[in-house]
Colleague: 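One structure is given below, represented as structure tokens, and several questions about it will come after.
First listed ligand is number 1; within each ligand, the first listed atom is number 1.
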Amino acid sequence: METRPFGKTGESFPILSFGGQRIVDEHNCTEEEAIEIVNVAIDRGIRYFDTAWIYSDGQAETRLGKVVKHRRSEMWIATKTWNTSRDGARRQLETSLTRLQTDYVNEWRLHNVWDFARLNEFTGKGGALEAAIQARDEGLVKNISISCHTDPQILVEALKRFPFDSALIAVSALDHFILSFVEEFLPVAIAQDVATIGMKVLGLGSLTHEVERSLRYAFGLPLSTVIVGMENMQQLEQNLAIAESTG
Ligand SMILES: NC(=O)c1ccc[n+]([C@@H]2O[C@H](COP(=O)([O-])OP(=O)(O)OC[C@H]3O[C@@H](n4cnc5c(N)ncnc54)[C@H](OP(=O)(O)O)[C@@H]3O)[C@@H](O)[C@H]2O)c1
């Protein structure tokens, strides 16, 4: 698979990365299947794994952790805090580290900043960004990130407030013409060498009749990597085949 540099981190990742939200019971994925999918993904070259404190009451992080325990050095782990306050976010980070069976995460994100009020809570006095900076000083978190699905201008403003290392953005082909992260945010991020991770390239599953074209659209964008939610081995194999024949 083609690899691309990940912002200023010095790391490079394959264009296809793993969205870890779907390896849970509610997506008909058993724990045994989840562990197998993640192991095969690593064996086939995937290195970047995205998850979050809030996914499925912790089941997504806990299942990923069962592989992290054995293969930590092969995996880049990104998780997120939903809580906007410094103290609440810190508690979520500690829970995430326990579930993930590791003593650090490569990336920690302020999760789903859907409006400017939420951005203010995250970045204001006593906000989660203070917890992120402290955790980075302590070595619990290596890079600080932010994610947004709704309005690219929220992230443009976020980068004025703090030099985030990366941003997770919605880039489905369906979103191209309104509130486009590709048009409004990607050029800003690239100019500042901020790593970018594309998500929702299959429109939360609504583009599954056009998997190949959707993935090729996303891989064709100047993103650092693209995460796709995968809940069974067939999806992993199909998405790997598309990524391996891109470039
Ligand atoms: N930051 C945030 O706020 C946030 C929010 C949401 C997601 N995320 C992250 O972004 C990742 C990606 O987003 P997503 O999982 O929500 O959406 P997505 O990648 O757009 O869609 C994933 C869904 O598409 C289907 N799919 C994937 N590969 C397929 C294939 N080869 N053939 C047929 N169907 C296929 C599966 O759904 P079905 O089999 O059910 O159709 C899968 O669950 C998540 O896993 C998560 O890590 C982050």
Colleague: Do W82 and L64 sit in the same hydrophobic cluster, where Ile, Leu, Val, Met, Phe, Trp and Tyr count as joined when their side-chain heavy atoms come under 4.5 Å apart?
Modeller: no
Colleague: With a 3.5 Å cut-off and sequence neighbours excluded, list the donor-acceptor pairs that the side chains of residues 191-206 form with protein atoms.
Modeller:
| unit_1 | atom_1 | unit_2 | atom_2 | d |
| --- | --- | --- | --- | --- |
| T196 | OG1 | S224 | N | 3.3 |
| K200 | NZ | H149 | ND1 | 2.5 |
| S206 | OG | G203 | O | 2.7 |

Colleague: Residue by residue, ordered by chain and number, which ones reach under 4.0 Å of ligand 1 with a heavy atom?
Modeller: G19, G20, Q21, R22, D50, Y55, K80, H111, N112, S147, H149, L168, M199, K200, V201, L202, G203, L204, G205, T208, V211, I227, V228, G229, E231, Q235, Q238, N239
Colleague: Relative to each other, are the rings of F13 and W76 parallel, tilted or perpendicular (30° and 60° limits)?
Modeller: perpendicular
Colleague: Once side-chain hydrogen bond (donor to acceptor under 3.5 Å, both in side chains) is applied, do any residues pair with K66, and if so which ones, sequence neighbours excluded?
Modeller: E31
Colleague: Under 4.5 Å between any side-chain heavy atoms of D151 and D115, yes or no?
Modeller: no
Colleague: Going by side-chain hydrogen bond (donor to acceptor under 3.5 Å, both in side chains), name the residues that satisfy it together with E11, two or more places apart in sequence or in a different chain.
Modeller: R47
